[in-house]
Amino acid sequence: ERRLLELVEELAATTAASPERDFAALKGRLAWPADGRLASRPGARLRDAGARWAGVLIASMPGTAVQAVAGGQVVYADWFRNLGKLVIIDHGAGYMTLYGNLAELATRDGAVVAAGDTIARVGAASAEMPAGLYFELRAGGRPLDPRTWCAKR
(Lines give C-alpha, C1' and ligand atoms only; values in the text may rest on other atoms or scores of the structure.)
Protein backbone atom coordinates (compact mmCIF):
# COMPACT_ATOMS: atom_id res chain seq x y z
CA GLU A 1 0.00 0.00 0.00
CA ARG A 2 2.84 2.39 0.87
CA ARG A 3 4.58 1.77 -2.45
CA LEU A 4 1.31 2.27 -4.35
CA LEU A 5 0.73 5.58 -2.57
CA GLU A 6 4.28 6.67 -3.43
CA LEU A 7 3.70 5.78 -7.09
CA VAL A 8 0.41 7.70 -7.23
CA GLU A 9 2.01 10.77 -5.62
CA GLU A 10 4.97 10.60 -8.01
CA LEU A 11 2.69 10.30 -11.04
CA ALA A 12 0.44 13.14 -9.86
CA ALA A 13 3.46 15.43 -9.52
CA THR A 14 4.80 14.67 -12.99
CA THR A 15 1.71 14.45 -15.20
CA ALA A 16 -0.45 17.06 -16.79
CA ALA A 17 -3.41 15.19 -18.24
CA SER A 18 -6.04 17.07 -20.10
CA PRO A 19 -8.82 17.18 -17.51
CA GLU A 20 -12.09 15.32 -17.88
CA ARG A 21 -14.74 17.97 -18.45
CA ASP A 22 -15.63 17.88 -14.74
CA PHE A 23 -14.75 14.58 -13.13
CA ALA A 24 -16.32 15.56 -9.79
CA ALA A 25 -19.68 15.98 -11.54
CA LEU A 26 -19.55 12.29 -12.52
CA LYS A 27 -19.86 11.12 -8.89
CA GLY A 28 -22.49 8.41 -8.67
CA ARG A 29 -22.74 8.07 -12.45
CA LEU A 30 -19.52 6.34 -13.50
CA ALA A 31 -19.92 2.96 -15.17
CA TRP A 32 -18.21 0.07 -13.37
CA PRO A 33 -14.98 -0.88 -15.19
CA ALA A 34 -15.83 -4.60 -15.53
CA ASP A 35 -18.74 -6.98 -15.24
CA GLY A 36 -18.89 -8.97 -12.04
CA ARG A 37 -19.96 -8.76 -8.43
CA LEU A 38 -18.26 -6.77 -5.70
CA ALA A 39 -16.23 -9.27 -3.72
CA SER A 40 -14.57 -6.83 -1.30
CA ARG A 41 -15.00 -3.31 -0.06
CA PRO A 42 -12.47 -0.59 0.80
CA GLY A 43 -10.60 -1.45 3.98
CA ALA A 44 -10.90 -5.20 3.50
CA ARG A 45 -7.86 -7.43 3.22
CA LEU A 46 -7.51 -9.04 -0.17
CA ARG A 47 -5.65 -12.01 1.30
CA ASP A 48 -4.72 -13.35 4.74
CA ALA A 49 -2.20 -11.15 6.55
CA GLY A 50 -2.16 -8.75 3.60
CA ALA A 51 -2.41 -4.99 3.54
CA ARG A 52 -5.78 -3.31 3.61
CA TRP A 53 -6.56 -1.90 0.20
CA ALA A 54 -8.35 1.32 -0.60
CA GLY A 55 -10.34 -0.02 -3.54
CA VAL A 56 -12.70 -2.84 -4.35
CA LEU A 57 -12.30 -6.26 -5.89
CA ILE A 58 -14.77 -7.01 -8.68
CA ALA A 59 -15.03 -10.79 -9.03
CA SER A 60 -14.85 -11.37 -12.78
CA MET A 61 -13.93 -14.20 -15.10
CA PRO A 62 -10.34 -14.04 -16.38
CA GLY A 63 -10.34 -12.35 -19.77
CA THR A 64 -13.30 -10.05 -19.02
CA ALA A 65 -12.87 -6.65 -20.68
CA VAL A 66 -11.80 -3.76 -18.41
CA GLN A 67 -12.96 -0.31 -19.50
CA ALA A 68 -11.88 3.19 -18.53
CA VAL A 69 -14.58 4.74 -16.32
CA ALA A 70 -13.89 8.21 -17.73
CA GLY A 71 -11.64 9.94 -20.24
CA GLY A 72 -8.05 10.73 -19.37
CA GLN A 73 -4.42 9.90 -19.99
CA VAL A 74 -2.73 6.61 -19.10
CA VAL A 75 0.17 7.48 -16.81
CA TYR A 76 1.16 3.93 -15.82
CA ALA A 77 0.72 0.63 -17.65
CA ASP A 78 3.09 -2.02 -16.34
CA TRP A 79 3.58 -4.72 -13.71
CA PHE A 80 3.32 -3.66 -10.04
CA ARG A 81 4.15 -5.80 -7.01
CA ASN A 82 1.06 -7.36 -5.37
CA LEU A 83 -1.29 -5.97 -8.06
CA GLY A 84 0.13 -7.70 -11.13
CA LYS A 85 -0.31 -5.71 -14.30
CA LEU A 86 -1.64 -2.28 -13.37
CA VAL A 87 -3.09 0.65 -15.34
CA ILE A 88 -3.42 4.12 -13.84
CA ILE A 89 -5.41 6.81 -15.64
CA ASP A 90 -5.10 10.51 -14.79
CA HIS A 91 -8.45 12.26 -15.27
CA GLY A 92 -7.15 15.72 -14.40
CA ALA A 93 -7.86 17.95 -11.39
CA GLY A 94 -6.11 15.40 -9.14
CA TYR A 95 -8.41 12.45 -9.98
CA MET A 96 -6.93 9.07 -10.89
CA THR A 97 -8.33 5.57 -11.36
CA LEU A 98 -6.31 2.38 -10.82
CA TYR A 99 -7.05 -0.99 -12.39
CA GLY A 100 -5.07 -3.99 -11.08
CA ASN A 101 -4.74 -7.75 -11.55
CA LEU A 102 -4.83 -7.50 -15.33
CA ALA A 103 -3.99 -10.33 -17.73
CA GLU A 104 -3.24 -8.29 -20.82
CA LEU A 105 -2.97 -4.59 -21.42
CA ALA A 106 -4.72 -2.93 -24.36
CA THR A 107 -3.14 0.47 -23.68
CA ARG A 108 0.25 2.01 -22.93
CA ASP A 109 1.82 4.92 -21.04
CA GLY A 110 0.82 8.25 -22.56
CA ALA A 111 -2.28 6.97 -24.37
CA VAL A 112 -5.38 9.15 -24.23
CA VAL A 113 -8.51 7.11 -23.50
CA ALA A 114 -12.22 7.85 -23.53
CA ALA A 115 -14.87 6.55 -21.16
CA GLY A 116 -15.74 2.99 -22.14
CA ASP A 117 -12.48 2.27 -24.01
CA THR A 118 -11.17 -1.23 -23.31
CA ILE A 119 -7.82 -0.80 -21.56
CA ALA A 120 -7.13 -4.39 -20.45
CA ARG A 121 -8.49 -7.84 -19.62
CA VAL A 122 -9.04 -9.25 -16.12
CA GLY A 123 -6.35 -11.59 -14.85
CA ALA A 124 -6.62 -14.91 -13.07
CA ALA A 125 -6.06 -15.54 -9.38
CA SER A 126 -2.44 -15.43 -8.19
CA ALA A 127 -0.53 -15.68 -4.93
CA GLU A 128 -0.95 -11.90 -4.54
CA MET A 129 -4.54 -11.42 -5.68
CA PRO A 130 -7.82 -13.33 -5.84
CA ALA A 131 -9.49 -13.69 -9.24
CA GLY A 132 -11.05 -10.46 -10.48
CA LEU A 133 -10.32 -6.79 -11.09
CA TYR A 134 -8.89 -4.58 -8.35
CA PHE A 135 -10.31 -1.04 -8.84
CA GLU A 136 -9.46 2.14 -6.98
CA LEU A 137 -10.26 5.87 -7.29
CA ARG A 138 -8.10 8.63 -5.84
CA ALA A 139 -8.36 12.42 -5.55
CA GLY A 140 -5.24 14.33 -4.62
CA GLY A 141 -3.66 10.99 -3.68
CA ARG A 142 -6.48 10.20 -1.21
CA PRO A 143 -8.52 7.04 -1.81
CA LEU A 144 -12.22 7.44 -2.56
CA ASP A 145 -14.85 4.71 -2.18
CA PRO A 146 -15.67 3.50 -5.73
CA ARG A 147 -19.12 2.42 -4.52
CA THR A 148 -20.13 6.07 -4.11
CA TRP A 149 -18.70 7.08 -7.50
CA CYS A 150 -19.98 4.28 -9.73
CA ALA A 151 -23.64 3.84 -10.67
CA LYS A 152 -25.71 1.54 -8.47
CA ARG A 153 -25.76 -2.07 -9.63
J.: As an exercise, state the distance from NE2 of His91 to CG of Leu26, rounded to the nearest 0.5 Å.
T.: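 It comes to 9.5 Å.
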
J.: Quick one: pull up CD1 in Ile88 and CE in Met96 and give me the separation to the nearest 0.5 Å.
T.: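 Rounded to the nearest 0.5 Å, the CD1-CE separation comes out at 6.5 Å.
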
J.: Please, which pairs that meet ring pair (Phe, Tyr, Trp, His ring centres under 6.0 Å) have at least one residue in residues 93-115, sequence neighbours excluded?
T.: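 Residue pairs with at least one partner in residues 93-115: Phe23-Tyr95, Tyr95-Trp149, Tyr99-Phe135.
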
J.: Which donor-acceptor pairs under 3.5 Å do side chains of residues 100-124 form with protein atoms, sequence neighbours excluded?
T.:
residue: Asn101; atom: ND2; partner: Pro130; partner atom: O; Å: 3.3
residue: Asn101; atom: ND2; partner: Gly132; partner atom: O; Å: 2.6
residue: Asp109; atom: OD1; partner: Ala77; partner atom: N; Å: 2.7
residue: Asp117; atom: OD2; partner: Ala114; partner atom: N; Å: 2.8
residue: Arg121; atom: NH1; partner: Gly63; partner atom: O; Å: 3.4

J.: Trp32 versus Leu133: any side-chain heavy-atom pair under 4.5 Å?
T.: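 They are not in side-chain contact.
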
J.: Between Ala65 and Ala34, what is the shortest heavy-atom contact and its length?
T.: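 Of all heavy-atom pairs spanning Ala65 and Ala34, the closest is O-CB, 3.7 Å.
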
J.: Quick one: pull up CG in Leu137 and CG in Asp145 and give me the separation to the nearest 0.5 Å.
T.: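 The CG atom of Asp145 is 9.0 Å from CG of Leu137, to the nearest 0.5 Å.
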
J.: So which heavy atom on Ala59 is nearest to which on Ala39, and how close?
T.: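 Result for this residue pair: CB-CB, 4.0 Å.
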
J.: Within this structure, what is the CG-OH distance for the pair Asp90 and Tyr76, rounded to the nearest 0.5 Å?
T.: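 Going from CG on Asp90 over to OH on Tyr76, the span is 15.5 Å.
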
J.: Nearest 0.5 angstrom please: Cys150 SG to Arg29 CZ, how far?
T.: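 Separation between the atoms: 12.5 Å.
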
J.: Enter the distance from Leu38:CG to Leu57:CG here, rounded to the nearest 0.5 Å.
T.: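 Taking CG in Leu38 and CG in Leu57, the distance rounds to 8.5 Å.
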
J.: Do Pro33 and Ile58 come close enough that some side-chain heavy atom pair is under 4.5 Å?
T.: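 The answer is yes, as the side chains (C-beta and beyond) meet within the 4.5 Å cut-off.
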
J.: Given side chains that start at C-beta, do those of Val87 and Leu98 come closer than 4.5 Å, heavy atoms only?
T.: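 The answer is no; the side chains never approach within 4.5 Å.
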
